[in-house]
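So the structure is just underneath, and the comments pick up after that.
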Amino acid sequence: MIVSASEQVRAEAPSFTEVVRGRHSVRSYDKSVRLSHEEIKEILAEAALAPSSSNMQPWRFLVIETEELKAKLQPIANNQSQVSEAAAVIVVLGDREGYLKANEIYEETMKQGFMPEDIAKSFAERSIALYGSLPQERLDRIVYIDGGLVSQQLMLVARAHGYDTVPMGGYDEALLKEAFNISDRYLPVMLIALGKAAKPGRPTTRLPIEDLAFFNEMPAK
Ligand SMILES: Cc1cc2nc3c(=O)[nH]c(=O)nc-3n(C[C@H](O)[C@H](O)[C@H](O)COP(=O)(O)O)c2cc1C
């Protein structure tokens with residue numbers, strides 16, 4: 001039987017359970033492994049299938065992949081060695097003006113036949129009016145939530161592609177913004193190192209689900 005390359009990739013793709021259970025924060029990377037822009041874009045495009053508030057997709061990705069820029073980032077990120085070892089570090093950003101793309105987003109939804117023109121237009125107008133009228137703090141919260149969702153999806157997608165990641169909140173935000181010309185329009189959500197593990201991530205445990213999940217009512221305290 002002749003199997004096309006894409007069918008073969010799909011057949012070899014790990015199951016969702018393998019992806020979820022196989023993802024661990026990796027802090028040691030094989031420096032010889034680099035990813036092409038095409039591969040990084042494919043991973044980011046799949047990550048960007050994550051849900052977002054009103055589908056505004058306010059995430060943006062600054063991919064730092066040159067040796068020089070990774071060396072510049074490392075001291076800003078608490079000197080964490082994964083910054084220079086990984087193939088790339090992705091700065092996940094939330095665009096505080098992301099909702100201004102509402103027209104573009106809903107026009108595409110309409111063009112693809114997913115929504116009639118009048119509905120798409122009214123959705124776009126309503127989104128711009130709504131998000132534009134929110135207090136900055138509320139808007140930032142939404143952008144952070146969406147940024148968290150895309151970040152997690154990115155890490156799982158990377159695993160499904162055979163790569164490893166570690167999310168990093170250990171960095172100086174002001175220095176990061178200054179060093180990489182990130183204006184106040186963008187909120188840094190987290191850094192994600194992406195590459196191929198040289199050493200597996202250390203095993204971690206989770207709280208028992210009984211301590212986390214409550215059916216129908218919350219405990220008294
Ligand atoms: C928002 C956030 C920030 C984190 N920051 C760092 C960091 O700066 N450096 C690091 O080595 N790990 C960091 N981690 C990784 C956590 O330590 C890790 O996810 C946790 O210990 C669970 O391990 P696991 O990811 O292997 O399941 C961060 C994780 C999250 C979600």
Side-chain angles (χ1 to χ4, degrees), residues 14-31 33 35 43-44 46-53 57-65 69-96 98 137 139-180 182 186-213:
S15 72
F16 184 69
T17 302
E18 282 168 333
V19 168
V20 172
R21 292 186 179 272
R23 185 214 56 82
H24 300 286
S25 287
V26 163
R27 298 177 179 86
S28 176
Y29 288 87
D30 181 340
K31 282 178 149 183
V33 176
L35 279 81
I43 290 170
L44 294 178
E46 288 179 12
L49 295 173
S52 60
S53 181
Q57 307 158 54
W59 40 67
R60 307 289 179 260
F61 308 103
L62 172 62
V63 181
I64 296 176
E65 51 161 7
L69 291 178
K70 285 189 290 175
K72 188 174 173 180
L73 177 60
Q74 189 163 332
I76 294 169
N78 296 348
N79 264 318
Q80 299 188 69
S81 55
Q82 59 259 26
V83 169
S84 51
E85 281 186 13
V89 176
I90 296 162
V91 184
V92 180
L93 298 163
D95 185 353
R96 302 164 110 185
E137 204 177 300
L139 191 60
D140 287 356
R141 200 172 119 100
I142 293 170
V143 165
Y144 276 129
I145 291 172
D146 291 344
L149 289 170
V150 82
S151 296
Q152 176 59 17
Q153 183 132 321
L154 198 168
M155 292 186 276
L156 293 179
V157 167
R159 184 85 283 277
H161 282 249
Y163 295 107
D164 300 284
T165 55
V166 57
M168 289 174 283
Y171 60 89
D172 185 310
E173 184 172 316
L175 291 180
L176 173 80
K177 287 175 71 178
E178 194 190 325
F180 292 93
I182 301 167
Y186 301 99
L187 292 174
V189 176
M190 68 182 79
L191 308 178
I192 300 179
L194 168 68
K196 194 99 184 161
K199 279 192 224 140
R202 55 174 181 261
T204 55
T205 59
R206 291 298 185 269
L207 294 166
I209 197 64
E210 288 70 27
D211 292 0
L212 310 175

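We count ligands from 1, going down the list as the structure has it; atoms in each ligand are counted the same way. If you read the sequence from its start, that first residue is 1, and numbering goes on from there.
Side-chain contact annotation: S84 with Q74, donor-acceptor N/O pair under 3.5 Å present.
Not counting sequence neighbours, the partners of P167 by the side-chain contact (heavy atoms from CB on, under 4.5 Å) test are S25, M155, M190. Taking the side-chain contact (heavy atoms from CB on, under 4.5 Å) definition, one finds that V143 meets it with P58, L187, sequence neighbours left out. Every side-chain contact (heavy atoms from CB on, under 4.5 Å) that R60 has, sequence neighbours left out, goes to L93, D95, K101, Y186.
Considering R27, K196, R159 as possible partners of D164, the one that fulfils the salt bridge (Lys or Arg N to Asp or Glu O under 4.0 Å) test is R159.
Listed by chain and number, residues touching ligand 1 at under 4.0 Å (heavy atoms only) are R23, H24, S25, R27, Q80, Q82, V166, P167, M168, G169, G170, T204, R206.
Annotation for L176 and P188: closest pair CD2-CB, 3.9 Å, computed over non-hydrogen atoms.
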